[in-house]
Amino acid sequence: MKTSRTLIAVLTLLVSLVSYVSGQNGEFEGSAESNLGNDRLIDYTSDSELNFQVVEGSGTGIGTVRRKTADCVLLNLPSIGFNFKGKDFTRAYVCANGLVKFESRTYEVNPRNFGTYRGQTSDSACLAPYWSFVNLDYFQSGQSKVFYRKYEDSNNDFRSVFTKARDFGRTILGESGYNPFWVTIITWVDLRPKQPGDVTYGGKNTFQLFLANGANNDAFAVYIYKDIDWSIGVIRNQYPNFADSSDLPVVGFHSGQANDENPYDNFAK
């Protein structure tokens, strides 16, 4: 139940995000000015970059659309792993499109709301800070990137990260003496959308996933946002034309457990 409370608290963070985005002006969905929201992010400038092998999608026949894919990158989690709704995971697969999976490295090109299609009931545990239809060309050019860092020693130069984890743990789990055992932070930087038609779109999304686990195996996840400039690759005044489109972003989680009474949630955006 602790992890369930955690993810509900993430929803509260997202509500704050909506208020932040709605206050922006300009042609993009979110921040129209650069550097807004910088103070939200944990510093990632010294973090390690993940490298994705982008390949051309398969498919033949008239009208077939080939979409590029990039296998999600294996990330071994520190020591005791991550307890997600009662199940322990010692590894995660980080995907270029804002999804983190715990049981498969397969890249899922098309975002789809959790609970809306078959096959997403078992062995599909994942967290979706902002699962979206990204343009992988920008990963090939080096303009879009994903970084990660694992923290396991609270007594060195990373005290500020563990202080943040303690604050999150106290707020989310309601544990006044929460003691984080490790922290892992994944940062997606300047993700750009796959665009409908031959158009040029300048919006970019930057956000983080903050994972932590405590000495009592009391884990939590927090989604942190700097800029969310797009849901789909068109300027904001064209959004009504795409309200019912497929491939719109998904923010939420799925436990991947068939016996879970509440295995998933799609957060309001």
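Note that the structure is a prediction, hence the values are computed from the model and not measured.
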Locate the shortest heavy-atom distance separating [X] from [Y]; write the atom from each residue and the value.
X: Ala92; Y: Val100; answer: CB-CG1, 3.9 Å
X: Leu99; Y: Ala128; answer: CD1-CB, 3.8 Å
X: Gly81; Y: Leu77; answer: CA-CB, 4.4 Å
X: Gln257; Y: Lys85; answer: NE2-O, 3.2 Å
X: Gly203; Y: Arg192; answer: O-CG, 3.9 Å
X: Gly98; Y: Pro129; answer: O-CD, 3.1 Å

- Message: Testing Phe253, Phe84, Tyr93 one by one against Phe102 for a ring pair (Phe, Tyr, Trp, His ring centres under 6.0 Å), which residue passes?
- Response: Phe84
- Item | Residue pair Trp131, Val251: steps toward the side chain to side chain contact (heavy atoms under 4.5 Å, CB included) verdict | CA-CA 6 Å; Trp131 178 19; Val251 179; over 6 Å; no
Taking the side chain as every heavy atom from C-beta outward, state whether [X] and [Y] have any pair of such atoms under 4.5 Å apart.
X: Leu173; Y: Tyr178; answer: yes
X: Phe207; Y: Ile224; answer: no
X: Val94; Y: Val146; answer: yes
X: Thr184; Y: Pro78; answer: yes
X: Pro249; Y: Phe133; answer: no

- Parallel, tilted or perpendicular for Tyr223 and Phe267, by the 30°/60° rule? tilted
Donor-acceptor side-chain pairing of [X] and [Y] below 3.5 angstrom:
X: Asn83; Y: Asp88; answer: yes
X: Lys68; Y: Gln140; answer: yes
X: Thr206; Y: Tyr44; answer: no

- Task: Give the C-alpha distance, both sets of side-chain angles, the deciding distance and a yes or no for side chain to side chain contact (heavy atoms under 4.5 Å, CB included) between Gln208 and Ile42.
- Result: CA-CA 8 Å; Gln208 288 180 328; Ile42 308 300; 3.7 Å; yes
Check for a donor-acceptor pair, side chain of [X] on one end and backbone N or O of [Y] on the other, with a separation under 3.5 Å.
X: Arg40; Y: Lys226; value: no
X: Asp227; Y: Asp229; value: no
X: Ser104; Y: Thr106; value: yes
X: Arg105; Y: Cys72; value: yes
X: Asp43; Y: Thr45; value: yes
X: Lys204; Y: Ile228; value: no

- Item | Other residues, nucleotides, ligands: >12 heavy atoms within 6.0 Å of Phe210 CZ | yes
- Please step through side chain to side chain contact (heavy atoms under 4.5 Å, CB included) for the pair Leu75 and Tyr148, ending with a clear verdict. CA-CA 9 Å; Leu75 184 63; Tyr148 80 96; 3.3 Å; yes
- Charged N-O contact under 4.0 Å between Lys87 and Glu103: yes
- Message: Is there a side chain to side chain contact (heavy atoms under 4.5 Å, CB included) between Thr90 and Ile80? Walk through the geometry before answering.
- Response: CA-CA 7 Å; Thr90 58; Ile80 60 175; over 6 Å; no
- Under 6.0 Å between ring centres, would you say that holds for Tyr151 and Phe158? yes
- Message: Out of the candidates Tyr130, Tyr138, Phe139, only one should pair with Leu191 under the side chain to side chain contact (heavy atoms under 4.5 Å, CB included) rule; please name it.
- Response: Phe139
